[in-house]
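Note: hydrogens, waters and symmetry copies are ignored here, and every other heavy atom, side chains too, is used.
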Amino acid sequence: MFELMLCSLLTIFPDYLYKRYVQGKRIGYEINLYTMWYELRWGISACLMLTISLITLIFYFHPSTKNVTAVFRTVTILPETVGRVDEVFVGLNQKVEAGAPLFRLDDSQQRAALETARRKIAELDAEAKVAQTDLVTADGQIQEAQGALQVAIDEYELKAQLLTRDAVARREVDRLANTVESRKGALSSAIAKKDTLLAKIADLLPSQKASAEAALAQAQVELDKTLVRAGVAGTVQQFTLRPGDVVNTMIRPAGILVPATAGKGTLIAGFGQIEAQVMKRGMIAEATCIGKPFTIIPLVVTEVQDVIAAGQLRITDQLLDVQQLAQPGTLTVFLQPLFEGGLDDIPPGSSCIANAYTNNHDALADKNIGAMQWVFLHVVDTVGLVHAMILRIQALLLPVQTLVFSGH
C-alpha cells in the first residue's frame with residue numbers, strides 16, 4: 001500500500017496536474033469515472049510498472065518480515081523422582097538464584113535407606129574388630145597345636161627307642177604315631193583358620209565395606225534428589241505446588257523457570273526463502289517491536305540458518321508423504337543489536353517487524369563498474385531508503401494497529 005501511494009505521487013499525480021492545469025481538464029467533467037483510464041492512462045500504467053518494480057527491488061534486495069520474535073527458553077521444574085511434596089520454599093513469580101531450593105519431596109524412605117547403609121558400615125567395622133580378636137585366638141591355637149605336636153613327637157621318639165629294646169609294646173608306638181599325625185592335622189587346621197582370618201581382614205571385609213560405602217553414597221544421592229533446586233537464576237512461573245501434592249516426572253511438572261537472561265540480546269526472524277541468496281552475515285537491519293513502540297532498533301545479522309525447518313524429517317513407523325511438506329518454511333535469521341543495550345527494554349517474547357538492507361558501497365566505489373550497473377546499484381540503495389521510511393511509518397502505526405485488533 002505504501003509503495004503504491006508513493007508511486008502514485010510520482011506518476012498519476014503529475015499526470016493529473018498536467019491534464020488539469022496545462023490541458024484545462026477538470027474532475028467531474030472531462031475527467032470522470034468513465035474517462036479516468038483514458039485520460040490518466042499514462043500515469044496509471046507508469047504507476048503499476050513502477051509499483052511492481054519497486055516492490056520487487058525492495059523485498060528482494062531489502063527483505064522484510066513480520067515474523068520476528070525475541071525468543072526465550074524456559075526450564076521445566078521437575079524432580080528426578082516421583083513423590084509427594086513435603087515442603088515448598090518459593091512462591092509464584094519469585095526470583096531465585098542458581099542452586100536455591102524450590103521444594104522438597106517426602107524423604108522418609110530415602111532417610112531409612114541412608115540409615116540402613118550407615119548401620120551396615122558400622123556392622124562391618126565391628127566385624128573387623130571381632131576378626132582382629134579371632135586372629136589373636138588363632139595365634140594361641142597355633143601355639144597350642146605346635147606344643148601338643150612337639151609333646152607327641154617327643155613321646156613317640158622315646159617309645160620308638162624303647163621298642164628296639166623290647167621295653168614297650170609295638171601297639172603303643174603305633175598309637176603314638178597316630179597321635180603325632182593327629183597333632184599335625186590340628187596344627188594345619190589352626191594355621192588354615194588364621195589364613196582365613198587374614199584373608200577376611202585383608203580382602204573380604206574391605207570389599208564389603210566398600211560396597212556398603214557405595215550403598216551409602218547411593219542412598220545419599222537418592223536423598224538429595226528429594227530436594228529440588230533451581231538450575232539457573234531466573235523467575236519461577238506457574239508454580240502452584242503445595243505440601244501434599246504429588247509430582248510426577250512425566251505427567252505433572254512442578255512449574256516453569258524462566259532464566260534471567262532468556263530472550264535478551266537476540267531477535268530471531270523468519271524471512272522468505274527467496275531471500276536465501278541475499279541474506280548474509282554482517283547485513284545491517286532495523287526492527288520495531290510492539291513492546292517498545294515508536295522506536296527503531298538498529299541491528300546486525302549475526303547468523304543465517306543454513307537449513308529450512310519445514311523440511312526436517314523425523315523417523316516414524318509410517319512412510320513420509322512429501323505432500324505433507326508442501327507449505328514452505330522461512331529462512332531463520334539471528335539478529336543482534338548494533339549498539340550495546342539496544343534490546344534491553346524489549347520484553348522476551350515480543351513480536352517485531354524487521355527490515356534488512358544490502359550494502360553496495362564497495363561495488364559503487366569500484367572504478368571499473370559499468371554505467372548501467374552503477375545506476376542499478378544506486379537505485380537499489382535509494383529503494384533501501386524508501387524501505388527504511390516505510391518501516392518508520394509502520395513503527396508509528398504498529399501500536400495503533402495493535403490496539404485496534406486487540407479490541408481496545
Side-chain angles (χ1 to χ4, degrees), residues 79-87 99 101 103-229 247 249:
E80 297 185 45
T81 181
V82 180
R84 189 176 297 277
V85 178
D86 187 58
E87 189 174 2
F103 64 93
R104 189 182 73 244
L105 300 176
D106 181 29
D107 56 2
S108 56
Q109 181 178 358
Q110 288 78 7
R111 289 187 179 278
L114 184 66
E115 184 62 24
T116 300
R118 288 174 178 169
R119 294 293 179 88
K120 182 63 176 179
I121 293 177
E123 179 182 347
L124 290 173
D125 290 338
E127 188 173 353
K129 293 180 180 179
V130 172
Q132 292 290 344
T133 304
D134 291 341
L135 184 62
V136 175
T137 303
D139 288 335
Q141 291 176 349
I142 291 175
Q143 292 178 359
E144 180 181 358
Q146 288 176 341
L149 175 61
Q150 188 62 43
V151 170
I153 291 174
D154 292 343
E155 187 176 359
Y156 169 75
E157 291 177 349
L158 177 63
K159 294 297 179 68
Q161 292 178 0
L162 294 176
L163 178 63
T164 58
R165 302 175 185 176
D166 296 331
V168 293
R170 177 170 295 276
R171 184 174 58 183
E172 181 67 16
V173 174
D174 293 339
R175 184 182 66 79
L176 290 175
N178 292 332
T179 302
V180 169
E181 294 298 326
S182 176
R183 296 290 186 271
K184 288 182 178 179
L187 178 60
S188 299
S189 176
I191 294 174
K193 184 177 180 181
K194 179 181 179 180
D195 293 339
T196 301
L197 288 173
L198 289 174
K200 183 177 181 180
I201 294 173
D203 298 323
L204 180 60
L205 290 179
S207 177
Q208 290 179 342
K209 185 175 181 180
S211 298
E213 289 175 347
L216 177 64
Q218 179 64 28
Q220 185 63 52
V221 170
E222 295 298 327
L223 178 62
D224 294 340
K225 288 181 180 180
T226 61
L227 180 61
V228 180
R229 299 178 180 272
V247 181
T249 56

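For Lys193, the NZ atom is loosely surrounded, since the number of other residues' heavy atoms within 6.0 Å does not exceed 12. Heavy atoms of other residues, nucleotides or ligands lying less than 6.0 angstrom from CD of Gln109 number 12 at most.
Listed here is the closest heavy atom pair of Ile201 and Pro206: O-CD, 3.2 Å. The nearest pair of heavy atoms linking Ala212 to Ala117 is O-CB, 4.4 Å. The minimum heavy-atom distance linking Arg229 with Leu227 is given by the pair NH2-CD2, 3.2 Å. Considering every non-hydrogen atom in both Leu124 and Leu205, the closest pair reads CD2-CD2, 4.4 Å. Taking both residues in full, the closest heavy atoms of Asp106 and Gln110 are given as O-OE1, 3.6 Å, listed atom of the first, atom of the second, then distance.
Atom CG in Leu198 sits 13.0 Å away from atom CG in Leu204 (nearest 0.5 Å). Interatomic distance, Glu123 CD to Gln208 CD, rounded to the nearest 0.5 Å: 9.0 Å. Interatomic distance, CD of Gln132 versus CG of Asp134, reported as 9.5 Å (0.5 Å rounding). Atom-to-atom distance recorded for Asp139:CG and Ile191:CD1 is 10.5 Å, nearest 0.5 angstrom.
At least one side-chain heavy atom of Leu114 sits under 4.5 Å from a side-chain heavy atom of Leu216. With a 4.5 Å cut-off on side-chain heavy atoms, Gln141 and Lys194 do not count as touching. Between Ile121 and Arg118 the shortest side-chain heavy-atom distance does not fall below 4.5 Å.
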Distance-only criterion, 3.5 Å: show the donor-acceptor pairs between side-chain atoms of residues 181-189 and protein atoms not counting sequence neighbours.
{"residue": "Ser188", "atom": "OG", "partner": "Lys184", "partner atom": "O", "Å": "3.1"}

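Thr226 places no side-chain N or O within 3.5 Å of a backbone atom of Glu222 that could act as its donor or acceptor partner.
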Query raised in the report: Please walk me through it: do Gln220 and Asp224 pass side chain to side chain contact (heavy atoms under 4.5 Å, CB included)?
Result: CA-CA 6 Å; Gln220 185 63 52; Asp224 294 340; 3.0 Å; yes
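For Arg119 and Glu115, the salt-bridge test passes: some basic side-chain N is under 4.0 Å from an acidic carboxylate O.
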